[in-house]
Amino acid sequence: MQNGRIEAVTVNHNTSRYAELMLRSLYAKHSPGLPLSVTLYDNVSTDDTAALEAFARSKGVAAQQSGFSTQTLNNSHGEILRRFVLEHPTCDYYLFLDADACFIEEDTLGTMQRELDADPAAFGVGPRLSWDGLTEMPEQVRKNNPDIPPARLHPCCALVKNTPLFRAVVEEIGLSCVNYLWAERTE
């Protein structure tokens with residue numbers, strides 16, 4: 001599906017400066033031939049959103065309120081992403097972006113798309129994550145970090161094929177956090 005249409009989504013949750021940087025880096029490193037549409041949801045952020053909103057407007061980024069606030073008790077991102085997927089059923093790919101992602105390599109999305117298309121068994125792909133912006137995160141660091149399981153596609157930056165199976169999973173199961181109810185605790 002080379003050069004297929006990508007619908008991207010990000011959620012601002014009092015992270016306006018980071019979200020603006022993420023969008024600026026995305027557009028600075030984006031290949032013009034790759035069809036991309038971005039939607040910015042906001043959780044009624046109370047930080048200064050003026051620069052983020054101005055940049056979003058300058059790029060034609062759709063900005064809208066999510067229906068959640070920064071005071072929501074549980075993490076709302078999964079439900080926002082779920083709704084986004086169900087409201088955008090005709091794209092070729094979904095791109096999930098966190099405000100703290102920053103693109104430093106030219107054509108990152110094109111590279112991700114080519115790698116995803118090269119593996120028919122893959123449903124999604126993420127970039128090579130880096131904490132210092134220069135080198136890929138070492139395997140030992142990933143192994144020692146409980147927030148980075150080895151078989152997880154981290155949603156901070158994930159390109160996912162839009163398939164009927166993916167949409168069915170999103171609709172029936174969702175994209176929200178999981179609670180494990182153990183006999184002695186909840187996790």
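Put simply, the side chain of D42 does not reach to within 4.5 Å of the side chain of Q64, judged on heavy atoms. Taking 4.5 Å as the limit, every side-chain heavy atom of Y41 sits out of range of all side-chain heavy atoms of T10. For the pair V169 and L165, the minimum side-chain heavy-atom distance is below 4.5 Å. Using a 4.5 Å heavy-atom cutoff, the side chains of L175 and F84 are not in contact. For the pair L26/V38, a side-chain contact is recorded, criterion being any heavy-atom separation below 4.5 Å from C-beta on. Between E53 and S16 there is no side-chain heavy-atom pair separated by less than 4.5 Å.
Of the candidates Q113, E115, R114, T111 forms a side-chain hydrogen bond (donor to acceptor under 3.5 Å, both in side chains) with just one, namely R114.
Side-chain atoms of T70 and N43 include no donor-acceptor pair closer than 3.5 Å. Residues R5 and T90 bring a donor and an acceptor atom of their side chains to less than 3.5 Å of each other. With hydrogens and angles left out, the side-chain atoms of Y18 and D47 include no donor and acceptor closer than 3.5 Å.
At a threshold of 4.5 Å between side-chain heavy atoms, the hydrophobic network of Ile, Leu, Val, Met, Phe, Trp and Tyr places F166 and I80 in one connected group. Both V170 and F123 belong to a single network of hydrophobic side chains, linked directly or stepwise wherever heavy atoms of I, L, V, M, F, W or Y lie under 4.5 Å apart. Follow the hydrophobic side-chain contacts under 4.5 Å out from Y93 and you reach Y27 in the same cluster. Residues L36 and F55 share a hydrophobic cluster, clusters being chains of Ile/Leu/Val/Met/Phe/Trp/Tyr side chains in contact below 4.5 Å.
Here R167 does not pair with E171 in a salt bridge; the nearest charged N to carboxylate O distance is not below 4.0 Å. The residues R82 and E79 are annotated as salt-bridged, a charged nitrogen and a carboxylate oxygen being separated by less than 4.0 angstrom.
A distance of 6.5 Å separates OG in S66 from CZ in R83, rounded to the nearest 0.5 Å. Rounded to the nearest 0.5 angstrom, L23 CG and L52 CG are separated by 6.5 Å. Taking CZ of R24 as the reference point, atom SG of C102 lies at 12.0 Å (rounded to 0.5 Å). The structure places CG of L95 at 11.0 Å from OG1 of T39, a figure rounded to the nearest 0.5 Å. Between the OG atom in S45 and the NE2 atom in H13 there is a gap of 7.5 Å [rounded to 0.5 Å].
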Practice task
Go through K29 and D107 one step at a time and tell me if the side chain to side chain contact (heavy atoms under 4.5 Å, CB included) criterion holds.
Solution key: CA-CA 6 Å; K29 300 300 181 179; D107 195 32; over 6 Å; no

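For S25 (side chain) and F103 (main-chain N/O), a donor-acceptor pair under 3.5 Å exists by modelled atom type. In this structure, S31 contributes its side chain and L34 its backbone to no donor-acceptor pair below 3.5 Å. Between the T15 side chain and the N12 main chain, no donor and acceptor come within less than 3.5 Å of each other. Between the side chain of K161 and the backbone N or O of D92, no donor-acceptor pair lies under 3.5 Å. Judged purely by atom type and a 3.5 angstrom limit, Y94 has no side-chain atom pairing as donor or acceptor with the backbone of A8. A donor-acceptor contact shorter than 3.5 Å is absent between the side chain of R57 and the backbone of A62. In this structure a side-chain-to-backbone donor-acceptor pair under 3.5 Å is missing from D98 to A101.
When all heavy atoms of P127 and C157 are compared, the closest pair comes out as CD-O, 3.0 Å.
H30 is linked by a ring pair (Phe, Tyr, Trp, His ring centres under 6.0 Å) to nothing, counting only residues two or more places apart in sequence or in another chain. Considering only residues two or more places apart in sequence or on other chains, F68 meets the ring pair (Phe, Tyr, Trp, His ring centres under 6.0 Å) condition with none of them.
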